[in-house]
Amino acid sequence: MITPLIFNGCNFHNEAVRGPQPFPSVSVPAMLVGQEAAEYAAEHFWDRYFDSTASWAGISDTLIGGVNRSDMTAAVREYIMALWSVPYDKALHAQQRLMSLAEASMEADTAGQIYDFIAATMESALWHPLSELRNEGLYAPVVESILRTGRTGEHFSSYYQQQLAVCMNNRPGTPAADFTFTDSRGGFHSLYGTPGEYTLLLFSNPGCPACREIIAMLKDSPLITSMIKDGRLTLLSIYIDEDVAEWFKGLADYPDEWITGYNQDLAIRDALLYDVRAIPSLYLLGSGKRVIFKDISPFMLMLQLPLLQPCM
């Protein structure tokens, strides 16, 4: 269940109380409404929290800047949902600002407890391939900060450098890497040769239970069906492994309205044109095949698709 965004204020800092404090909700100016309010909430979500953390340095090993771990985890989830509600450039700027605040907090919190918690929680939410909130583009500022501060030490720097390289590959706002594919009749095609205002790119394997769940979900979506029928959306399902015979066996899983094929030169997998960290994987591309969402979860895709519809 998604925790709703809370835009009211509270009296967070109280010198007389040293027990757990509630996470200080962002206070949005009353004159801001709608999208402006959402963008303000994302940008300033952490301000009041970091304004109070210095007084908690060294007081408790079980609290994160005075807040219980469970409440902090809930706050991170609420914040990420706020990021998903604003344009990507605004969300990216908010992430960069958060990591700057987290880095500055280490002046008082020399153990880096707050910084390490935020970095670890963001990694779990935004990087893990099974997280419904995953967003490599918004995880990139976290990795950049980790590498900048050297918090992980020399031993793990190559691990985070590899993460950053993955985040930068086909990142939102950039043209998606082109590739070729072969259809079931032996026809030769390319990504950029497919039609449609939008392209929903699905990397899937025949017979994969998780793939079948997503295929069924996409088939049953009235919005996706309508967009395909209107010619606004092309659903392109691509198999990236070498067992083409197995792919042929599973073709019945895919609707006739979709374009299905296999990447015959295996460049998607072997040349890492796309970093497919888990199957299935969904990309949403817009005009000019620019990446809108990279490896988006089905959960977030269904929340975001209605926002792409033209205003009536």
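Just so you know, residue 1 is the first one in the sequence shown, and it goes up from there.
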Quiz item: If you measure only the distance, is there a donor-acceptor pair under 3.5 Å linking the side chains of Ser237 and Ser204?
Solution: yes
Self-check item: Residue pair Glu36 / Tyr40, side-chain donor-acceptor N/O under 3.5 Å
Solution: no
Quiz prompt | Shared hydrophobic cluster for Leu147 and Leu101 (ILVMFWY, side-chain gaps under 4.5 Å) | solution = yes
Quiz item: Is it true that Val291 and Leu308 fall in one hydrophobic cluster, defined by side-chain heavy atoms closer than 4.5 Å?
Solution: no
Self-check item: Atom pair CE/CG of Met122 and Asn135 - distance to nearest 0.5 Å
Solution: 11.0 Å
Quiz item: Do the side chains of Leu218 and Leu301 get nearer than 4.5 Å, heavy atoms only?
Solution: yes
Practice problem: Calculate, to the nearest 0.5 Å, the distance between atoms CZ and CD belonging to Phe299 and Gln304 respectively. | Solution: 10.0 Å
Quiz prompt | CZ on Phe179 to OH on Tyr192, rounded to 0.5 Å | solution = 10.0 Å
Quiz prompt | More than 12 heavy atoms of other groups within 6.0 Å of His93 NE2 | solution = no
Self-check item: Stepwise side chain to side chain contact (heavy atoms under 4.5 Å, CB included) check, Leu285 with Leu191
Solution: CA-CA 10 Å; Leu285 313 180; Leu191 168 65; 4.0 Å; yes
Quiz item: Linking I/L/V/M/F/W/Y whenever their side-chain heavy atoms sit closer than 4.5 Å, directly or via other members, would Tyr160 and Met99 fall into one cluster?
Solution: yes
Quiz item: Atom CZ of Arg232 and atom OG1 of Thr199: how far apart are they, to the nearest 0.5 Å?
Solution: 12.0 Å
Quiz item: Within the distance-only criterion (no hydrogens, no angle test), does the side chain of Asp265 pair as donor or acceptor with the backbone N or O of Ala267 below 3.5 angstrom?
Solution: yes
Quiz prompt | Salt bridge Glu123-Arg134, side-chain N to carboxylate O under 4.0 Å | solution = no
Practice problem: Would you check if Val143 and Trp127 make a side-chain contact, meaning some heavy-atom pair closer than 4.5 Å? | Solution: no
Quiz item: Looking at Leu284 and Leu305, what are the two nearest heavy atoms and their distance?
Solution: CD2-CD2, 4.2 Å
Quiz item: Within the side chain of Asn205, is there an N or O that forms a donor-acceptor pair under 3.5 Å with the backbone of Cys208?
Solution: no
Quiz prompt | Short side-chain donor-acceptor distance under 3.5 Å, Glu197 and Ser287 | solution = no
Self-check item: Shortest non-hydrogen separation from Ser297 to Ser131 and the atoms involved
Solution: CB-O, 4.2 Å
Quiz item: Would a 4.5 Å heavy-atom cut-off, applied to side chains only, mark Glu78 and Phe23 as touching?
Solution: no
Self-check item: Donor-acceptor under 3.5 Å (Asp183 side chain, Arg185 main chain)
Solution: yes
Quiz prompt | Side chain to side chain, Asn263 and Arg269, heavy atoms closer than 4.5 Å | solution = no
Exercise. Please answer: with hydrophobic residues joined when any side-chain heavy atoms are less than 4.5 Å apart, are Leu164 and Tyr274 in the same cluster?
Key: no
Practice problem: Using a 4.5 Å cut-off on heavy atoms from C-beta on, say whether the side chain of Asp241 contacts that of Ile279. | Solution: no
Self-check item: Test ring pair (Phe, Tyr, Trp, His ring centres under 6.0 Å) applied to Phe293 and Tyr88, step by step
Solution: CA-CA 9 Å; Phe293 299 121; Tyr88 176 72; 8.8 Å; no
Practice problem: Measure from the side-chain N and O atoms of Tyr239 to the backbone N and O of Val244, and report whether any donor-acceptor pair falls under 3.5 Å. | Solution: no
Practice problem: Output yes when a side-chain donor or acceptor of Arg48 lies under 3.5 Å from a complementary backbone atom of Ser25, and no otherwise. | Solution: yes
Quiz item: Between Tyr49 and Trp46, how do the two ring planes meet: parallel, tilted or perpendicular, split at 30° and 60°?
Solution: perpendicular
Exercise. Would you mind reporting whether Val76 and Ile118 have side-chain heavy atoms less than 4.5 Å apart?
Key: no
Practice problem: Report the distance from atom CE of Met168 to atom CD of Gln163, rounding to the nearest 0.5 Å. | Solution: 11.5 Å
Quiz item: Ignoring hydrogens and geometry, is there a side-chain-to-backbone donor-acceptor pair from Asn170 to Ala176 under 3.5 Å?
Solution: no
Quiz item: Which pair of non-hydrogen atoms, one from Ala42 and one from Leu83, has the smallest distance, and what is that distance?
Solution: CB-CD2, 4.2 Å
Practice problem: Indicate the atoms forming the closest heavy-atom contact of Met106 with Gly112, along with that distance. | Solution: CG-CA, 4.1 Å
Self-check item: Donor + acceptor pair across side chains of Gln95, Tyr139 (<3.5 Å)
Solution: no
Quiz item: Any chain of hydrophobic side-chain contacts (each under 4.5 Å) joining Ile259 to Met227?
Solution: no
Practice problem: Output yes when Lys229 and Glu257 qualify as a salt bridge under the 4.0 Å nitrogen-oxygen rule, no when they do not. | Solution: no
Practice problem: Output, in order, the C-alpha distance, side-chain angles, deciding distance and verdict of side chain to side chain contact (heavy atoms under 4.5 Å, CB included) for Trp247 and Thr260. | Solution: CA-CA 10 Å; Trp247 175 75; Thr260 57; 4.2 Å; yes
Quiz prompt | Pairwise salt bridge (charged side-chain N to carboxylate O under 4.0 Å, His left out) hits with a residue in residues 207-228, at least two apart | solution = Arg212-Asp253
Exercise. State whether the side chain of Gln96 and the backbone N or O of Val142 hold a donor-acceptor pair below 3.5 Å, judged by distance alone.
Key: no
Quiz item: Is a donor on one side and an acceptor on the other found under 3.5 Å between the side chain of Asn68 and the backbone of Asp71?
Solution: no
Quiz item: Sequence neighbours excluded, which residues qualify as ring-ring contact (aromatic ring centres under 6.0 Å, His included) partners of His189?
Solution: Phe181
Quiz item: Are the side chain of Ser85 and the backbone of Ala82 linked by a donor-acceptor contact shorter than 3.5 Å?
Solution: yes
Exercise. State, to 0.1 Å, how close Ile224 and Ser221 come at their nearest heavy-atom pair, and which atoms those are.
Key: N-OG, 3.2 Å
Practice problem: Start with the C-alpha gap between Tyr283 and Ile296, add the side-chain angles, then the distance that decides, and say whether side chain to side chain contact (heavy atoms under 4.5 Å, CB included) holds. | Solution: CA-CA 6 Å; Tyr283 283 62; Ile296 187 172; over 6 Å; no
Practice problem: Please tell me if the side chains of Ile238 and Ile268 come closer than 4.5 Å, counting only heavy atoms from C-beta onward. | Solution: yes
Practice problem: Indicate yes or no for a side-chain donor-acceptor contact from Ser145 to the backbone of Pro141 under 3.5 Å, with no hydrogens or angles considered. | Solution: no
Quiz item: Do you see a donor-acceptor pair shorter than 3.5 Å between the side chains of Glu103 and Thr149?
Solution: no
Quiz prompt | Note: Lys294-Asp275 ion pair, threshold 4.0 Å (strictly below) | solution = no
Practice problem: Answer yes or no: is there a side-chain heavy-atom contact under 4.5 Å between Asp270 and Leu272? | Solution: no
Self-check item: Residues Ile240, Leu266; criterion side chain to side chain contact (heavy atoms under 4.5 Å, CB included); working and verdict
Solution: CA-CA 6 Å; Ile240 66 172; Leu266 301 178; 6.0 Å; no
Practice problem: Might you point out which heavy atoms bring Leu133 and Arg77 nearest each other, and give the distance in Å? | Solution: CD1-NH1, 3.6 Å
Practice problem: First locate atom CD of Gln113, then atom CG of Leu63, and finally report the distance between them rounded to the nearest 0.5 Å. | Solution: 8.0 Å
